[in-house]
Every structure is written in C-alpha cells, then in structure tokens.
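Contents: one structure, followed by commentary.
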Amino acid sequence: MRKKIIAGNWKMNKTPSEAVALINELKPLVANDEVDVVFCVPAISIIPAMEAAKGSNISIGTENMYFEESGAYTGEIAPNMLTDVGVKFVIIGHSERREYFAETDETVNKKVLKAFEHGITPIICCGETLTQREQGVTIDWIRQQIKIAFLNVTAEQAKTAVIAYEPIWAIGTGKTATSDQAEEVCAAIRGCIAEIYDDATAAEIRIQYGGSVNAGNAAELFAKADIDGGLVGGASLKPEFGNIVNYNK
Ligand code: 13P
C-alpha cells in the first residue's frame, strides 16, 4: 500500500521570515500521520524553514538543484549544499523551469541521477500543454518525458521516486483536470514504469497529480487508484493546505 505524499510547491513566494510565519501557522493544520507532507520552499528559506518545522511531520524540500557537484555555475545550488542542511526532496523539471529556464528532458535526467546519487528524492514533473491534449498526443508526450527522465536510473532508485503529473493548462488556472483525466495519465505513467522496469517497481513508485488542487477537489483526485497525492501550488500557501492534507478525515 503506497503512502500518500502531498507536497506544497511554494514557487517564488514568501521571504524567509514570511516562510517561518507560514510554517508556524500551518504546522498544526497539516498534522496527518497517514500522509507524507513536504513543503518545497525557495532555497534561501530552506534553513529557517527546517528550524520552524522541527518536531512536526513536515519535511522540507526545495524547488530545483543543479546536476554538477561544484564549480563555476553562478547562481546554482549543488546537491551536497542541500543534503548538508538535511533536504530530502527536490522538485525537478517543473514546467515553469522548462518554460522560463530552458530545462529539457536531458537536464531533468541529469538532475534525477544526481539527486539519487546524493540520496535526495526527486519529485519529477511531467505534463502536456493544452495544444498537445487537443492534438491527442498527451500519453505519447508524457511517456517520452518519463522514459528520458529515468534513463540509467536503477529499479531500486525508481521505486523511491515521486512523479508529479501536472497538465500545464491546469497550473494556476483554477482549471483542474477531472479526476478521470488525471487518473488516465497517472495510470499510463505507472504502465510506462512497469515497461521500463517491472510491475513491482511500478507498484511502489508514487505518482502525484498537480494543477489547481484545492480543498474541494483533493479527496476525489486522491481516491483514484493511481493518484498517490498531490503537488500543490497556490493552495499550499494558505490554511486551505491543511484541508488538502487532511482530505481523508
Ligand atoms: P497550482 O496548484 O497553483 O495550480 O500550481 C500547481 C503547480 O504547479 C505545483 O507544482
């Protein structure tokens, strides 16, 4: 039985002091031991967020990482900088990074391999545009993204990965995929993992849905067989996140 994992992606929001205040506010609201709860915060807020989350069920993750160990990469964050302060999760290949910061399936694969090398769990994002959905190529597109992201990743590593299916047209638009649309793609992702590895690996990997998840739609989405939680943007910055995490109560 896969444990649900519900993560907030804070994107470029909240100063470090605002981050501490928000965590203190949300801490009692997100207490639910049946779910893994992760707050992925901007790099500058990782350390104060860790401090604020101490003693709670919240794990602190971040939103990006570079695929080299160190060196002349101005502005980037190395994996051992993250592990040094206890980061366990990193979002990789979010569609905003692909669109605005030139991330490709190849850089996603390099980052995924590097995260595993350092014992950080990658939350690997994939998703189609509205045009691709209308063209009927969604599943082909997602399968390609997954196949490239997992190149040279072992089955043992893949079992521990998290995949976030985030249709780009549903991000920040208030336009959620229906639970059937989300389940169709999440099931196809699990099928793709079974093809690359085996059924046991596919049965263990956790697949989230992301894109306008809110307190009103979380329970229906998370009830689907292949949806193991959510990656939540806007609603993760509000007390509403508590209701999302406690979708099963
Ligand atoms: P919203 O929940 O704001 O639509 O954002 C989704 C997302 O991009 C999470 O990574």
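Remember, it's 1-based here, ligands and their atoms both numbered in the order they're listed.
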Check whether more than 12 heavy atoms from other residues, nucleotides or ligands sit under 6.0 Å from atom [atom1] of [X], and answer yes or no.
X	atom1	value
L29	CG	yes
K27	NZ	yes
L130	CG	yes

Separation between CD1 of I46 and CD of E63, rounded to the nearest 0.5 Å: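 I46 CD1 to E63 CD: 9.0 Å, rounded to 0.5 Å.
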NZ/K111 to CG/L113 distance, rounded to the nearest 0.5 angstrom?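 Reported value, rounded in 0.5 Å steps: 13.0 Å.
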Pick out which of V185, V108, I146 makes a side chain to side chain contact (heavy atoms under 4.5 Å, CB included) with C126.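 Considering V185, V108, I146, a side chain to side chain contact (heavy atoms under 4.5 Å, CB included) with C126 is found only for I146.
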Can you tell which of G127, G230, G233 gets a heavy atom nearest to atom 2 (O) of ligand 1?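 Looking at heavy atoms only, the winner is G233.
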Heavy-atom nearest neighbour of atom 3 (O) of ligand 1 within options S236, G234, S95: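 Comparing heavy atoms across S236, G234, S95, the nearest one to atom 3 (O) of ligand 1 lies in G234.
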Can you tell me if W141 uses its side chain to pair, donor with acceptor, with the backbone of G127 under 3.5 Å?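 Side chain of W141 to backbone of G127: a pair is present.
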Is a donor on one side and an acceptor on the other found under 3.5 Å between the side chain of D228 and the backbone of I207?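 Yes, because the side chain of D228 sits within donor-acceptor range (under 3.5 Å) of the backbone of I207.
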Using a strict 4.0 Å cut-off to heavy atoms of [X], name the atoms of ligand 1 that fall inside it.
X	result
E166	6 (C), 7 (C), 8 (O), 9 (C), 10 (O)
G211	4 (O), 6 (C)
A170	4 (O)
S212	1 (P), 2 (O), 4 (O)
G172	1 (P), 3 (O), 4 (O)

Are any of the N/O atoms on [X], whether in the backbone or the side chain, positioned under 3.5 angstrom from an N/O atom of ligand 1?
X	result
L231	no
E96	no
A235	no
V232	no

Measure C125 to ligand 1 on non-hydrogen atoms and call it side chain, backbone, both or neither using the 4.0 Å cut-off.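 Neither part.
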Can you tell me which portion of N9 lies within the under-4.0 Å heavy-atom range of ligand 1? Options are side chain, backbone, both, or neither.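 The part of N9 near ligand 1 is the side chain, not the backbone.
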To which protein heavy atom is atom 5 (O) of ligand 1 closest, and what is the distance rounded to 0.1 Å?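 Going by distance alone, atom 5 (O) of ligand 1 is nearest to K11 NZ, 3.3 Å.
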Could you tell me if any non-hydrogen atom of G210 lies under 4.0 Å from any atom of ligand 1?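 Outside the 4.0 Å threshold, so no.
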Contact list for residues 203-223, test side chain to side chain donor-acceptor pair (under 3.5 Å), sequence neighbours left out: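 Every pair satisfying side chain to side chain donor-acceptor pair (under 3.5 Å) with a residue in residues 203-223: D36-R206, T176-N217, S179-E220, N214-N217.
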Residue list, salt bridge (charged side-chain N to carboxylate O under 4.0 Å, His left out) with K147, at least two apart or on another chain: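 Salt bridge (charged side-chain N to carboxylate O under 4.0 Å, His left out) list for K147, sorted by chain: empty.
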